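Take a look at the structure set out below.
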Amino acid sequence: MMKNAIEIAHLRVVRGSREVLPDLSVTVPAGQVVGLLGPSGSGKSTLIRAVVGVQVVASGDLTVLGEPAGSPSLRRRIGYVTQSPSVYDDLSVRANVRYFASILGADASAADDAIEAVDLTSHADALVGNLSGGQRSRVSLAAALVGDPELLVLDEPTVGLDPVLRRDLWELFNRLAAQGRSLLVSSHVMDEASRCDRLLLLREGRILADDTLPALLARTGTDDAEQAFLALIDRAAQEAR
Ligand SMILES: Nc1ncnc2c1ncn2[C@@H]1O[C@H](COP(=O)(O)OP(=O)(O)OP(=O)(O)O)[C@@H](O)[C@H]1O
C-alpha cells in the first residue's frame with residue numbers, strides 16, 4: 001500500500017478576488033480517517049475540490065494516489081461526496097445506486113451492499129425525492145461507495161444527521177479505513193475530531209494543526225478539539241504580535 005493518499009505542496013487557490021488557500025502544504029496518510037476541521041468559510045470545500053480535481057488552482061503540486069490530481073485515471077479510484085446530494089430525485093434509492101454502479105462497471109450486488117452499508121436497505125424502493133435530507137446524503141454516500149474506491153473524499157457528510165446516524169456513519173468510515181481505504185472527511189463539528197485518526201485544522205485557508213487528537217490535546221493542554229482549536233488561534237495571534 002502506498003504511504004500517502006494525498007500529497008500537497010504549496011497549493012494556492014484564488015476564487016473570485018479572494019485568495020482562499022494562499023500556500024497550503026499537507027500530507028494525508030493512506031489507510032486512515034483524516035478529519036478536515038475548520039469553521040465555515042475556512043476553505044475546506046475548496047481544498048477538497050482541489051483534491052478531487054474540480055477546482056482551478058493557481059499554483060502548487062497535488063498528488064493523489066500517486067497521480068496528479070484531476071488525472072482521468074483517478075476518477076474510479078476516488079469516491080467524492082459533495083455537500084449537496086448529487087442523486088436523482090425521481091429515481092428510487094436502488095435505481096440511483098445501480099445507475100452509478102453501472103457507470104463504474106460494478107454489479108447490482110455491489111449496489112445492494114453499498115445501500116446496506118449506509119443503512120438504507122429498508123428504503124431501497126423509496127423515491128429519493130421523498131427522503132429526508134440526511135437520507136438523501138446517505139444515498140450520495142452509497143453512490144460514492146459503490147465503485148469500491150481507494151480514497152473517499154467526503155464534504156461534511158454528517159451535516160443534519162441525528163446523533164445515532166452520525167455515530168453509525170463514523171463507524172462506517174472507521175471500518176472502511178480498517179479495510180485499507182483512505183478517507184478525507186470535512187466537518188465544522190469539532191466533536192467529530194474524536195472519530196478521526198488524524199486531524200487537519202484549517203483556518204482562513206491555512207493549516208493550523210496537522211496531528212492526532214491526543215497529541216493536539218497534549219500540546220495545547222486542553223480537553224477537546226474545540227478548546228485546542230481556540231488555544232492554537234490564541235497562540236498564533238500572540239506570535240503575530
Ligand atoms: N465561487 C466562489 N467565488 C468566490 N469566492 C468563493 C467561491 N466559493 C467560495 N468562495 C469563498 O472561498 C472561501 C472558502 O470557501 P469554502 O466553501 O472552501 O469554505 P468551507 O470551509 O468549505 O465552508 P463551509 O463549511 O461553510 O462549507 C469563502 O470565503 C468563500 O466565500
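Counting from 1, the numbers follow the sequence of the chain as shown. Quick caveat, the model's predicted, so the values are computed rather than measured. Just follow the structure's listing: the first ligand is 1, and inside any ligand the first atom is 1.
Ring orientation note: the planes of Y88 and F100 are close to parallel, at an angle under 30° on the 30°/60° scale.
Ligand 1 has at least one atom lying under 4.0 Å from a heavy atom of E156. By the 4.0 Å heavy-atom criterion, G43 is counted among the residues contacting ligand 1. Look at S186 and you'll find every heavy atom at least 4.0 Å from all atoms of ligand 1.
Scanning all protein heavy atoms for the shortest distance to atom 23 (O) of ligand 1 gives G41 N, 2.7 Å. Looking at atom 27 (O) of ligand 1, its nearest protein heavy atom turns out to be Q83 NE2, 3.0 Å. Atom 8 (N) of ligand 1 has its closest protein heavy atom at R15 CZ, 3.1 Å. At the shortest separation from atom 18 (O) of ligand 1 among protein heavy atoms lies T46 OG1, 2.5 Å.
Under a 4.0 Å criterion applied to the non-hydrogen atoms of P39, ligand 1 contributes the atoms 21 (O).
Compare S45, S40, A50 by their heavy atoms: the one nearest to atom 22 (O) of ligand 1 is in S45. Nearest to atom 25 (O) of ligand 1 by heavy-atom distance, out of R18, H188, K44, is K44.
Within a 4.0 Å radius of atom 30 (C) of ligand 1, the protein contributes no non-hydrogen atoms.
No side-chain donor-acceptor contact under 3.5 Å links S71 to the backbone of L74. Between the side chain of T220 and the main chain of L216, a donor-acceptor pair closer than 3.5 Å is present.
Side-chain polar atoms of D155 and T82 form no donor-acceptor pair below 3.5 angstrom. Defined by atom type and a distance below 3.5 Å, a donor-acceptor pair is missing between the side-chain atoms of E171 and N174. E156 and S186 are not linked by any side-chain donor-acceptor pair at a separation below 3.5 angstrom, with hydrogens and angles left out of the test.
A continuous path of hydrophobic side-chain contacts links I115 to V81 [ILVMFWY only; heavy atoms under 4.5 Å].
The shortest N or O to N or O distance between V20 and ligand 1 is not under 3.5 Å.
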Working for side-chain hydrogen bond (donor to acceptor under 3.5 Å, both in side chains), residues E204 and S42: CA-CA 5 Å; E204 295 174 354; S42 56; over 6 Å; no
